[in-house]
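Just the heavy atoms: all of them, side chains too, but no hydrogens, waters or symmetry mates, feed the values below. Small disclaimer: the values here were computed from a predicted structure and weren't measured.
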Amino acid sequence: MSADAPDLYLCRPGYEPLLAAELADAGLVVGDRGAGWARATGRLDLPGGPAFPHLVLRGPVAVTGGAVNALGQAAAGIFLAS
């Protein structure tokens, strides 16, 4: 996982504009957004923690496969490599 990979911030659907504003005000670069999530690059360091994200996934990795067994093998490979 790359140090500059965007983190995934999860919030309640409908609160994405507030989440993006909070992340941007904290100095993060906000990228893609969707229903209940936003990606941002940078380190979030707010006293007391952020208000809108209820979960932060640091450097998430996409796992793909053509079948359930391929997905399981790909996921296991990520965990075994770390």
Side-chain angles (χ1 to χ4, degrees):
M1 140 179 31
S2 172
D4 60 347
D7 294 333
L8 184 63
Y9 294 84
L10 303 179
C11 67
R12 291 184 57 168
Y15 286 78
E16 302 84 10
L18 297 171
L19 171 64
E22 179 180 37
L23 296 175
D25 287 347
L28 279 72
V29 178
V30 179
D32 297 333
R33 300 190 317 199
W37 62 271
R39 287 187 193 180
T41 304
R43 183 55 91 186
L44 183 63
D45 188 22
L46 295 174
F52 289 99
H54 60 261
L55 180 63
V56 179
L57 301 174
R58 303 274 180 220
V61 177
V63 178
T64 60
V68 172
N69 286 343
L71 285 172
Q73 289 175 344
I78 291 170
F79 288 110
L80 293 174
S82 61

(request) Specify the closest pair of heavy atoms between Trp37 and Cys11, including all atoms of both residues, with the distance to one decimal. (result) N-SG, 4.4 Å
For residues 22-33, dump all side-chain donor-acceptor pairs below 3.5 Å to protein atoms at least two apart in sequence or in another chain.
from	atom 1	to	atom 2	distance (Å)
Glu22	OE1	Ala51	N	3.4
Glu22	OE1	Phe52	N	3.0
Glu22	OE2	Ala51	N	2.6

Output side-chain donor-acceptor pairs under 3.5 Å for residues 61-73, partner residues at least two apart or in another chain, one line each.
none

(message) Tell me every residue that passes side chain to side chain contact (heavy atoms under 4.5 Å, CB included) with Leu55, counting only those two or more places apart in sequence or in another chain.
(response) Leu10, Leu57
(request) Please report the closest heavy-atom contact between Val56 and Pro53, naming both atoms and the distance. (result) CG2-CB, 4.4 Å
(message) Under 4.5 Å side-chain heavy-atom separation, chaining through any Ile, Leu, Val, Met, Phe, Trp or Tyr, what else clusters with Phe79? Say none if it is isolated.
(response) none
(message) Show every salt bridge (Lys or Arg N to Asp or Glu O under 4.0 Å) that has at least one partner inside residues 5-16, sequence neighbours left out.
(response) Asp7-Arg58
(request) State, to 0.1 Å, how close Pro60 and Pro6 come at their nearest heavy-atom pair, and which atoms those are. (result) CD-O, 3.4 Å
